[in-house]
Amino acid sequence: MVNLIWKDKKSEDPKVFPPNFFRAFENYIFNFNEKLDKTKTSKFWSNKLFWGDSLEVLYFLINNYEEKIDLIYIDPPFFSGTNYQINIEEEDKFYNSIAYFDHWNNDLDSYLQMIYERLLLFKKILSKKGLVFIHSDWHANHYIRLILDEVFGENRFVNNIIWYYYNKYSAGKKNLPRAHDTILVYSNSSKYTFNEIRIPRKKPRKQLMRVNVEGVLKNVKDKKGHVRYRTVTDKKLDDVWKIPCLQPASKEWTGFPTQKHHDLLERIIKLGSNEGDLIADFFCGTGTTLLAAEKLNRRWIGCDISEYSIYLTRKRILDYHNKNQVEYPFEIYTHLNEEKRILIESGFFQKKISIRRKK
Ligand SMILES: C[S@@+](CC[C@H](N)C(=O)[O-])C[C@H]1O[C@@H](n2cnc3c(N)ncnc32)[C@H](O)[C@@H]1O
């Protein structure tokens, strides 16, 4: 077994958080209860959005959520060397800020330690039927795969999904345009949820008809002994996914850098979970995973460190709740330090704010 070593690699530094370290500062339970069908389990669950560092949130959750989460997707910083800048229009104020940091001063060791600590905790909270989907790109995906082998075991590798986004401009005179990200999939046991997905073919295709006779596939023949064909219009989804990058013209577009396409997350959730399962995203950005989970009737836990992400995720989920009959209420949690208290009390989350990636 090959192990990846970096400076100051350490496996665990268990932190214990008091049970009320993260507290709900907004909840949509009380208004919601009237709408709930009390015969369903939904009244016992509310979806949870955490505003805070994912490691702290994981340590906070660990005691109550051991083996409870059925699918984890993360789209963390990729070690891209960029801090993503944004322009903000907040009622009558305009200012610039950083959406999130991904610079690292070239310190790959710190980046790998950040990923490693979180993956170790994912292993603990993932249910036995669960899958993790770790999104990354060429900057660090080769290291992340080795870390996943170490944490989950080489034999728990499920797929290396290539997300081919054909519509993103990529310069580069001395290399081919870079047009894909990688989503590594690992399971927590051999009995994980995996639903077949079929996608339409470009053109219908004639295919030999076959039957299974005592374990052997045989061609179906007509009375004259001629093989029979059928026309197929779809095919089994493989591990190369051609899905565009989200464009500003889309009604889902929030202006936040690196927002992922909703089709990508809907596909992941359909593939690796069933209705009522618990989905988590610990770097949720604009909440694409959580919204997809909401639409597909899964329960969810989300987390992000940035107030702009929490602003956008909250808004997307509430807009969806206002237009649709939904199964579960939701709550927003944080560890209320002075800075956060001031921001919440300023009405930041209720303001009309528009956020755009700085060109
Ligand atoms: C690539 S974006 C996620 C985009 C998201 N998939 C979407 O569709 O909108 C990465 C997110 O990770 C968040 N992040 C970075 N470091 C974090 C940390 N330590 N804990 C929690 N969130 C973090 C950033 O604020 C950013 O929103």
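Just follow the structure's listing: the first ligand is 1, and inside any ligand the first atom is 1.
- Below 30°, between 30° and 60°, or above 60°: for His321 and Phe330 the angle between ring planes is above 60°, a perpendicular geometry.
- Shortest contact from atom 20 (N) of ligand 1 to any protein heavy atom: Ser54 N, 2.9 Å.
- At least one heavy atom of Gly52 sits less than 4.0 Å from an atom of ligand 1.
- When each atom of ligand 1 is checked for a heavy atom of Arg118 under 4.0 Å away, the hits are 19 (N).
- Side-chain polar atoms of Ser189 and Arg156 form no donor-acceptor pair below 3.5 angstrom.
- The closest heavy-atom contact to atom 24 (C) of ligand 1, among the options Tyr100, Tyr308, Phe50, comes from Tyr100.
- Remark: Asp319 does not engage Lys323 in a salt bridge, criterion side-chain N to carboxylate O under 4.0 Å.
- The shortest contact between atom 9 (O) of ligand 1 and any protein heavy atom is with Thr286 OG1, 2.6 Å.
- Distance from atom 16 (N) of ligand 1 to its nearest protein heavy atom, with residue and atom name: Phe283 CE2, 3.8 Å.
- Using a 4.0 Å cut-off to heavy atoms of Thr258, the atoms of ligand 1 that qualify are 1 (C), 2 (S), 4 (C).
- At a 4.0 Å heavy-atom cut-off, ligand 1 touches Cys284 through the backbone alone.
- Taking every non-hydrogen atom of Ser309 and a distance limit under 4.0 Å, the qualifying atoms of ligand 1 come out as 27 (O).
- When only interatomic distances are considered, the shortest N/O to N/O separation between Gln259 and ligand 1 does not fall below 3.5 Å.
- Among all protein heavy atoms, the one lying closest to atom 27 (O) of ligand 1 is Asp304 OD2, 2.7 Å.
- Listed by atom number, the atoms of ligand 1 under 4.0 Å from Pro77 heavy atoms are 15 (C).
- Taking the six-membered ring for Trp and thresholds of 30 and 60 degrees, Phe17 and Tyr59 have ring planes inclined between 30 and 60 degrees apart.
- Close approach of ligand 1 to Lys260 (heavy-atom distance below 4.0 Å) involves ligand atoms 6 (N), 7 (C), 8 (O).
- Taking CG from Asp263 and CH2 from Trp163, the interatomic distance works out to 10.5 Å, rounded to the nearest 0.5 Å.
- With 3.5 Å as the limit, one finds a donor-acceptor pair spanning the side chains of Asn274 and Asn195.
- Ranking the protein heavy atoms by distance from atom 18 (C) of ligand 1 puts Asp53 OD1, 3.5 Å first.
- Although no hydrogens or angles enter the test, the distance criterion places no donor-acceptor pair under 3.5 Å between the side chain of Arg298 and the main chain of Leu278.
- A salt bridge does not link Lys128 with Glu66: none of the charged nitrogens is closer than 4.0 Å to a carboxylate oxygen.
- Of the N and O atoms on the side chains of Glu307 and Trp51, not one donor lies less than 3.5 Å from an acceptor on the other residue.
- Taking every non-hydrogen atom of Phe256 and a distance limit under 4.0 Å, the qualifying atoms of ligand 1 come out as 27 (O).
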